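Note that the structure is a prediction, hence the values are computed from the model and not measured.
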Amino acid sequence: MSFGSVPSVSVSDVPEPGPSAALLDVREDDEWTAGHAPGALHVPMGDVPSRMADISVDGTVYVVCRQGGRSARVVEYLQHAGVDAVNVDGGMVAWQQAGLPVVDDAGRPATVY
């Protein structure tokens with residue numbers, strides 16, 4: 001699923017979160033609680049403008065939601081703010097389908113659907 005001119009990558013091309021890459025999960029609290037990628041930063045889509053200081057801008061910010069729609073809109077917003085942001089195609093559904101790790105807040109294995 002591609003969203004126009006928004007840069008995007010497949011889940012297999014998302015690097016480990018670190019100094020040069022952040023994984024930003026913009027899903028709602030209940031979606032995050034059900035399961036998320038280890039090391040991701042959780043900022044619900046509606047909170048992004050007020051929490052820009054929480055979002056690492058030292059490198060690329062990979063933005064993920066459930067399937068890619070909300071994250072594409074957040075990528076557009078971040079790009080307008082001067083942030084190097086990329087949409088994660090297929091979101092956490094594609095992440096789980098690819099067999100990538102999904103955990104709960106305690107670090108235990110979890111699922112997103």
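- Remark: the backbone N or O of Gly90 is not paired with any side-chain donor or acceptor of Gln67 at under 3.5 angstrom.
- The hydrophobic clustering, which links ILVMFWY residues whose side-chain heavy atoms are closer than 4.5 Å, places Leu100 and Met92 together.
- Side-chain N/O atoms of Asp30 and Thr33 include no donor and acceptor closer than 3.5 Å.
- Residues Tyr77 and Val83 have side chains not in contact (no heavy-atom distance under 4.5 Å, counting atoms from C-beta outward).
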### Query
Are Leu78 and Met52 close enough, and set up right, to give a side chain to side chain contact (heavy atoms under 4.5 Å, CB included), and what steps lead you there?
CA-CA 9 Å; Leu78 292 174; Met52 285 295 290; 3.6 Å; yes
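- Under the 4.5 Å side-chain heavy-atom criterion for grouping Ile, Leu, Val, Met, Phe, Trp and Tyr, Tyr62 is connected to Val112 within one hydrophobic cluster.
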### Message
Between Val11 and Asp89, is the side chain to side chain contact (heavy atoms under 4.5 Å, CB included) condition met? List the steps.
### Response
CA-CA 7 Å; Val11 293; Asp89 266 343; over 6 Å; no
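- We find that Glu28 and Arg66 are not joined by a salt bridge, their nearest charged nitrogen and carboxylate oxygen being 4.0 Å or further apart.
- A side-chain contact (heavy atoms from CB on, under 4.5 Å) with Leu23 holds for exactly one of Val14, Val63, Leu41, Val61; it is Val14.
- In this structure a side-chain-to-backbone donor-acceptor pair under 3.5 Å is present from Asp25 to Arg27.
- Residues Val64 and Met45 do not share a hydrophobic cluster, defined by chaining ILVMFWY side chains whose heavy atoms lie under 4.5 Å apart.
- Between the CZ atom in Arg73 and the SG atom in Cys65 there is a gap of 8.0 Å [rounded to 0.5 Å].
- For the pair Pro7 and Ala85, the tightest heavy-atom approach, listed with the atom from each and the gap, is CG-O, 3.5 Å.
- At least one donor-acceptor pair closer than 3.5 Å links the side chain of Trp95 to the backbone N or O of Pro101.
- Side-chain contact between Pro44 and Asp29: present, with at least one pair of heavy atoms (C-beta onward) separated by less than 4.5 Å.
- Nearest heavy atom pair, residue Val88 against residue Ser71, reads O-OG, 4.4 Å.
- Looking at heavy atoms from C-beta onward, Leu24 lies in side-chain contact with Val43 at the 4.5 angstrom threshold.
- A continuous path of ILVMFWY side-chain contacts below 4.5 Å connects Val93 to Val9, so both sit in one hydrophobic cluster.
- Under a hydrophobic-cluster definition in which Ile, Leu, Val, Met, Phe, Trp and Tyr are linked whenever side-chain heavy atoms come within less than 4.5 Å, directly or via other members, Val74 and Val6 are assigned to the same cluster.
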### Message
What verdict does the side-chain hydrogen bond (donor to acceptor under 3.5 Å, both in side chains) test give for Ser50 and Asp47, after you've listed the backbone C-alpha separation in whole Å, the side-chain angles of each residue and the deciding distance to 0.1 Å?
### Response
CA-CA 6 Å; Ser50 66; Asp47 295 344; 4.9 Å; no
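- A distance-only check finds a donor-acceptor pair linking the side chain of Asn87 to the backbone of Ala72 [under 3.5 Å].
- Summarising the geometry, atom CD belonging to Gln79 is positioned 7.5 Å from atom OG belonging to Ser5; distances are rounded to the nearest 0.5 Å.
- Atoms OG1 and CG, from Thr60 and Asp84 in turn, are 3.5 Å apart once rounded to the nearest 0.5 Å.
- In plain terms, the two heavy atoms of Asp104 and Ala106 that are nearest each other are OD1-N, 2.9 Å.
- Taking all atoms of both residues into account, the shortest heavy-atom contact from Gly35 to Ala110 is CA-CB, 3.9 Å.
- Here the shortest heavy-atom pairing between Pro49 and Gly46 reads CD-O, 3.8 Å.
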